[in-house]
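Numbers restart at 1 for each chain; the letters A, B, ... are given by sequence-line order, proteins then strands.
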Amino acid sequence: MRLLDLATTSTAVAETSARSAKIALLAERLRTAGPEEVTVAVHYLSGELPQRQIGVGWATLRDLPAPVAGDAAGAGELEVAEVDRILDEVGSTSGAGSQARRRELLTALFARATAEEQSFLRRLLTGELRQGALDGVMADAVAKAAEVPAAEVRRAAMFGGDLAAAARTALRDGVPGLREVGLVVGRPIQPMLAGTADDVAAALQKAAPAALEWKLDGIRVQIHRAGDRVQVFTRSLDDITDRLPEVVELARALPVTSAVLDGEALALAPDGRPRPFQETASRTGSRRDVAKLREQIPLTVFLFDLLHLDGRDLIDLPSHERSDLLASIAPPDGLAPRLVTDDPQAAEAFAKDALDRGHEGVVVKSLDALYTAGRRGSGWLKVKPVHTLDLVVVAAEWGHGRRSGWLSNLHLAARDPESGEFVMLGKTFKGMTDELLAWQTERLRALQTSADDWTVRVRPELVVEVAFDGVQRSSRYPGGVTLRFARVVRYREDKRAQDADTIDAVRAIGQAAQ
DNA sequence: TTCCGACAGTGGGGTCGCAAT
DNA sequence: ATTGCGACCCCACTATCGGAA
């Protein structure tokens, strides 16, 4: 199979908006793939590289020599398997001179590609395929190509951790082959994700009685234990075992022969309150001097689910049964605090206590939900308090993709009461409807004071109400603080910039959380 | 016919580790 | 030593499609 075949399929997929038509086009292409090519084809057409990452991003591609006009002789002859080999080599170079070597390999590759192939490669390498089909749509396409139920493909991909491998199995061995793929201790599966609810009462309306658990602001850990061997994986299935010795020790001490556990790891202060997320991230992200770091910033694990125990898979058991089994093997202080209730007042009190202790909020879990790996179902609902501020728009950046032509990303500032100036403390592009994007583009252009290719600076007059999850330290912004997960709620045309919130008010919110 | 779950897209800040400057 | 870059932690929200109700 040629790269050109994938590029033309991708173009066709991008040009139709109907999901069913995308699936049909992808399935047709997969059917023509040989058994050795199908995994690479699935990866490429769902916007990923088999190598996961090869050290090439936007800036590397930007610095490649400009392509010559017109396609070179022999362009369009590139085979998918050869492209895969070249990218393997790009990804495996390291050490001094590796960047130059990467550029050399990529330059040679691009010189042999048609314009359509180059566009496809660029988008693939930057992770911006923008054809309206990623893993989800591809799973359906694989099912269609292999003429098997989509649920079987998704199940195999969930347990194998890899849709491309499931595709090869589906096309080669059909349903019987897919059925043989199961949970293997030591091989991570997609973690179950939580939806959101506005408040505890709303969450309880969807399921009562329900279990409430503390929502902890750390990193997700999936722990596999087989005999004495322990492995720890992140939400994106990376192996971080070496960085989390505390987690390894906890798992090794459990009275089991094998288990797969789900939990959250975070740094706590000596008084038991959570340290800022930045400190947990720093600790769990560090590979060097782990033993020393451990003394300074110890991690605590809170387990909240059990997917496998001593040879038995549990993901198809109702949540409350998994929870009971977990409690039977884990020490009480290794469990996420939990309350089962159908009483809104008791639930509210539990949530308030979690917040008073400095945690993010609660997760409300249906008692009979199965472990829906990789899905953001309503079986789990997170509830977190939201802060809002009225801030001033001081600039905006042009959007990309479907937001091309609109001013999208707002530069937000708080008022400095001392100087009367506006102090930038972050950006946001979230929460806007198409209608609002069009409106703000027009309004901001009318306030424009200067502009470059990316950014339009404006007179600080528009006030916008912004919701956010918290205030964190920043080395990037002049006020030393920034907002976590800022999103637009609405414009406040009734307010002038002089009425906007002050930088002191922002800092006070940060202090209150400590 | 309407509703709603799943998906894709559009990007945010911080941190680490590596290579280049 | 410092800077630029890529990768990966955390993540919210809207638009759209298409099956469920």
Subject >> Phosphate OP1/OP2 of B:dT15 contacted by A:R243 side-chain N/O (<4.0 Å) >> reply: no
Original post:
Tell me: CD of A:E279 to C1' of C:dC10, nearest whole Å?
Top reply: 15 Å
Original post:
Once you round it to whole Å, what is the distance between C1' of B:dA6 and CE of A:M158?
Top reply: 17 Å
Original post:
DNA chain C: A:R62 or A:D238, which has the more 5' nearest nucleotide?
Top reply: A:R62
**OP:** Under 4.0 Å between any heavy atoms, over every strand shown, what does A:Q472 touch: base, sugar-phosphate, or nothing? Just pick one.
**Re:** sugar-phosphate
**OP:** Tell me what A:A281 touches on the nucleic acid: a base, only sugar-phosphate, or nothing, going by heavy atoms under 4.0 Å.
**Re:** nothing
**OP:** Answer with base, sugar-phosphate or nothing: what part of the nucleic acid does A:R484 contact at a heavy-atom distance below 4.0 Å?
**Re:** sugar-phosphate
Subject >> OP1 or OP2 of B:dG12 under 4.0 Å from side-chain N/O of A:R487 >> reply: no
Original post:
Would you call A:K22 and A:D140 a salt bridge, using N to O less than 4.0 angstrom?
Top reply: no
Original post:
Does the A:R29 side chain pair with the main chain of A:T9, one donor and one acceptor, at a distance under 3.5 Å?
Top reply: no
**OP:** Round to a whole Å and report the spacing from CZ of A:R490 to C1' of C:dC13.
**Re:** 18 Å
Original post:
For A:I23, which contact category applies under a 4.0 Å heavy-atom criterion: base, sugar-phosphate, or nothing?
Top reply: nothing
**OP:** Among C:dG18, C:dC11, C:dC9, find the nucleotide with the atom closest to the side chain of A:A18.
**Re:** C:dG18
Original post:
With respect to the side chain of A:F485, which nucleotide from B:dG13, C:dC10, B:dG14 is positioned closest?
Top reply: C:dC10
Subject >> Side chain of A:T60 (C-beta onward), nearest among C:dC8, C:dC5, C:dG18 >> reply: C:dC5
Original post:
Taking atom P of C:dA12 as reference, at what distance in whole Å does atom CG of A:L410 sit?
Top reply: 19 Å
**OP:** Go through A:Q440 and A:Y491 one step at a time and tell me if the side chain to side chain donor-acceptor pair (under 3.5 Å) criterion holds.
**Re:** CA-CA 9 Å; A:Q440 78 182 14; A:Y491 275 94; 2.7 Å; yes
**OP:** Would you indicate whether A:R52, at its atom CZ, is surrounded by more than 12 heavy atoms from other residues, nucleotides or ligands within a distance under 6.0 Å?
**Re:** yes
Provide a list of protein-nucleic acid N or O atom pairs under 3.5 angstrom, restricted to nucleotides 8-10 of chain B.
| unit_1 | atom_1 | unit_2 | atom_2 | d |
| --- | --- | --- | --- | --- |
| B:dA8 | OP1 | A:L134 | N | 2.8 |
| B:dA8 | OP1 | A:L134 | O | 3.3 |
| B:dA8 | OP1 | A:G136 | N | 3.1 |
| B:dA8 | OP1 | A:V137 | N | 2.9 |
| B:dA8 | OP2 | A:G136 | N | 3.4 |
| B:dG9 | OP1 | A:Q131 | N | 3.2 |
| B:dG9 | OP1 | A:G132 | N | 2.5 |
| B:dT10 | OP1 | A:R402 | N | 2.5 |
| B:dT10 | OP2 | A:R130 | NE | 2.5 |

**OP:** Identify which nucleotide among B:dC16, B:dG14, C:dC11 has an atom closest to any side-chain atom of A:T482, counting heavy atoms from C-beta outward.
**Re:** B:dG14
**OP:** Could you tell me whether the phosphate oxygens of B:dC16, OP1 or OP2, come under 4.0 Å of any side-chain nitrogen or oxygen in A:S282?
**Re:** yes
Subject >> Non-neighbouring partners of A:F233 that pass ring pair (Phe, Tyr, Trp, His ring centres under 6.0 Å), sequence neighbours left out >> reply: A:H224
Original post:
Between A:D469 (CG) and B:dG14 (P), how many Å, whole number?
Top reply: 15 Å
Original post:
A:K206 or A:R473: which one's nearest nucleotide on DNA chain B is closer to the 5' end?
Top reply: A:K206
Subject >> For the student: nearest non-hydrogen atoms of A:L45 and A:Q131, plus distance >> reply: O-NE2, 2.6 Å
Distances for protein N or O near nucleotides 18-21 of chain B N or O, under 3.5 Å:
| unit_1 | atom_1 | unit_2 | atom_2 | d |
| --- | --- | --- | --- | --- |
| B:dC18 | OP2 | A:R288 | NH1 | 3.2 |
| B:dA19 | OP1 | A:G95 | N | 2.4 |
| B:dA20 | OP1 | A:G97 | N | 3.1 |
| B:dA20 | OP1 | A:S98 | N | 3.4 |
| B:dA20 | OP1 | A:Q99 | N | 3.3 |
| B:dA20 | OP2 | A:G97 | N | 3.0 |

Subject >> Sugar-phosphate only, base, or nothing, as touched by A:S17 at under 4.0 Å among non-hydrogen atoms >> reply: sugar-phosphate
**OP:** From the options C:dC10, C:dC9, C:dC17, select the nucleotide whose nearest atom is closest to the side chain of A:R235.
**Re:** C:dC10
Original post:
According to a strict under-4.0 Å criterion, is A:S474 in side-chain N/O contact with OP1 or OP2 of B:dG14?
Top reply: yes
Original post:
Nearest nucleotide by nearest heavy atom, which residue falls closer to the 5' end of DNA chain C, A:A21 or A:L125?
Top reply: A:L125
**OP:** Determine the minimum heavy-atom distance between A:A251 and A:I223, stating which atoms define it.
**Re:** CB-CG2, 3.6 Å
Original post:
Crowded around A:E246 CD? As in, over 12 foreign heavy atoms under 6.0 Å?
Top reply: yes
Original post:
So which nucleotide from C:dC11, C:dC8, C:dC10 ends up closest to the side chain of A:Q53?
Top reply: C:dC8
**OP:** Using whole Å, report how far CZ of A:F233 lies from P of C:dC9.
**Re:** 12 Å
**OP:** For A:K22, report the nucleic acid contact type (base, sugar-phosphate, nothing); a contact means any heavy atom under 4.0 Å.
**Re:** nothing
Original post:
Side-chain N or O of A:T428 less than 4.0 angstrom from OP1 or OP2 on B:dG12?
Top reply: no
**OP:** May I ask you to say what A:D217 touches in the nucleic acid, namely base, sugar-phosphate or nothing, with a heavy-atom cut-off under 4.0 Å?
**Re:** nothing
**OP:** Provide, to the nearest angstrom, the distance between the NE2 atom belonging to A:H359 and the P atom belonging to C:dC10.
**Re:** 17 Å
Subject >> Any A:S20 side-chain N or O less than 4.0 Å from OP1/OP2 of C:dG18 >> reply: yes
**OP:** Might you work through the side chain to side chain donor-acceptor pair (under 3.5 Å) test for A:R403 and A:S408, ending with a clear yes or no?
**Re:** CA-CA 7 Å; A:R403 291 193 176 186; A:S408 171; 2.9 Å; yes
Subject >> N or O in side chain of A:K215 less than 4.0 angstrom from C:dC11 OP1/OP2 >> reply: yes
**OP:** Could you check which nucleotide pairs with B:dC7 in any of the strands shown, counting Watson-Crick or G-U wobble with both distances under 3.5 Å?
**Re:** none
**OP:** Verify the neighbour count for atom CG of A:D63: are there more than 12 heavy atoms of other residues, nucleotides or ligands below 6.0 Å?
**Re:** yes
Subject >> A:R287 CZ - C:dG6 P separation (whole Å) >> reply: 17 Å
**OP:** Given salt bridge (Lys or Arg N to Asp or Glu O under 4.0 Å), test A:R102 with A:E89 step by step and report yes or no.
**Re:** CA-CA 8 Å; A:R102 286 203 178 98; A:E89 192 178 346; over 6 Å; no
**OP:** Using the six-membered ring wherever Trp is involved, compare the ring planes of A:F304 and A:W380 and label them parallel, tilted or perpendicular (cut-offs 30° and 60°).
**Re:** perpendicular
